[in-house]
Amino acid sequence: DGSEPAERAIAAASELFQPRGAVVLHFWESWAAEAPALAGVSRSVRDMAAELDEIADDQSADMIARGLKLAERDGFEAIALSERATGPVWKAVLDAADEHSGAAIVVGSRGLSGISAALGSVSNGVVHHSRRPVLVVPPEEA
């Protein structure tokens with residue numbers, strides 16, 4: 001996602017795993033899909049939500065290009081996967097690992113705490129639902 005924890009995850013993976021094939025993932029969530037109430041609003045509001053999705057898709061493409069460069073710099077033969085998540089992001093990560101026969105999943109952690117960690121953590125969902133080894137790279141201490 002372009003964050004410092006995501007960059008640290010790529011670097012940690014290159015230190016721990018002999019450089020090999022990798023899939024660099026970025027999933028984004030739809031603004032329109034997250035607001036079911038949009039069904040009853042004006043066309044202009046629905047059009048604005050669709051525009052926001054286009055912007056999110058463009059931003060995701062930029063982020064995945066950056067992640068791909070980092071992975072290649074660190075010795076991986078990497079491919080990029082950037083797409084809209086149609087459900088929880090952690091599930092999209094697990095589905096991508098299945099589709100690409102991943103040996104392990106490496107994710108960065110933002111160090112969320114409290115209710116944010118309990119309800120919204122991608123790394124938490126991946127750890128608790130994966131059948132593959134998972135490496136969660138914590139944020140750097142301040």
- request: State, yes or no, whether a side-chain contact exists between V126 and L94 at a heavy-atom distance under 4.5 Å.
  value: yes

- request: Might you work through the side chain to side chain contact (heavy atoms under 4.5 Å, CB included) test for L16 and L135, ending with a clear yes or no?
  value: CA-CA 10 Å; L16 294 171; L135 171 63; 3.4 Å; yes

message: I need the minimum non-hydrogen distance between V137 and A9, along with the two atoms involved.
response: CG2-CA, 3.6 Å

message: For the NZ atom of K91 and the OG atom of S130, what is their distance to the nearest 0.5 Å?
response: 11.5 Å

- prompt: Is it true that a side-chain atom of R84 and a backbone atom of D57 form a donor plus acceptor pair closer than 3.5 Å?
  reply: no

- line: Between the CD atom in E4 and the CD atom in E7, the distance rounded to the nearest 0.5 Å is 7.0 Å

message: Tell me the closest heavy-atom pair linking A85 and A92, and the distance in Å.
response: CB-CB, 4.3 Å

query: Can you list the steps and then say if V93 with L25 is a side chain to side chain contact (heavy atoms under 4.5 Å, CB included)?
result: CA-CA 8 Å; V93 170; L25 306 171; 4.1 Å; yes

- request: Calculate, to the nearest 0.5 Å, the distance between atoms CD and CD belonging to E54 and Q59 respectively.
  value: 12.5 Å

- request: Drop me the distance from T86's OG1 to F27's CZ, to the nearest 0.5 angstrom.
  value: 9.0 Å

field: Side chains of H26 and S60, donor plus acceptor under 3.5 Å
entry: yes

task: Please report the closest heavy-atom contact between A78 and A71, naming both atoms and the distance.
output: CB-CB, 3.9 Å

Shared hydrophobic cluster, V127 / V122 (ILVMFWY, side-chain heavy atoms < 4.5 Å): yes

field: Heavy-atom side-chain proximity of R20 to E77 below 4.5 angstrom
entry: no

message: A side-chain contact here means heavy atoms from C-beta on lying under 4.5 Å apart; do H129 and W90 qualify?
response: yes

- prompt: Does the side chain of V24 reach to within under 4.5 Å of the side chain of L81, using non-hydrogen atoms?
  reply: no

message: Looking at every heavy atom in both P139 and S109, which two are closest together, and how far apart are they?
response: CD-O, 3.1 Å

- request: Indicate yes or no for a side-chain donor-acceptor contact from R132 to the backbone of A97 under 3.5 Å, with no hydrogens or angles considered.
  value: yes

field: Sidechain N-carboxylate O distance under 4.0 Å for D62, R66
entry: no

message: Keeping S14 on the side-chain end and A11 on the backbone end, is there a donor-acceptor pair under 3.5 Å?
response: yes

message: Return the CD to CH2 distance between E83 and W28, rounded to the nearest 0.5 Å.
response: 10.0 Å

field: With I79 via side chain to side chain contact (heavy atoms under 4.5 Å, CB included) - residues at least two apart
entry: V23, H100

Separation of F76 CZ from L70 CG (nearest 0.5 Å): 11.5 Å

- prompt: If you group Ile, Leu, Val, Met, Phe, Trp and Tyr by side-chain heavy-atom gaps below 4.5 Å, do I10 and V106 land in one group?
  reply: no

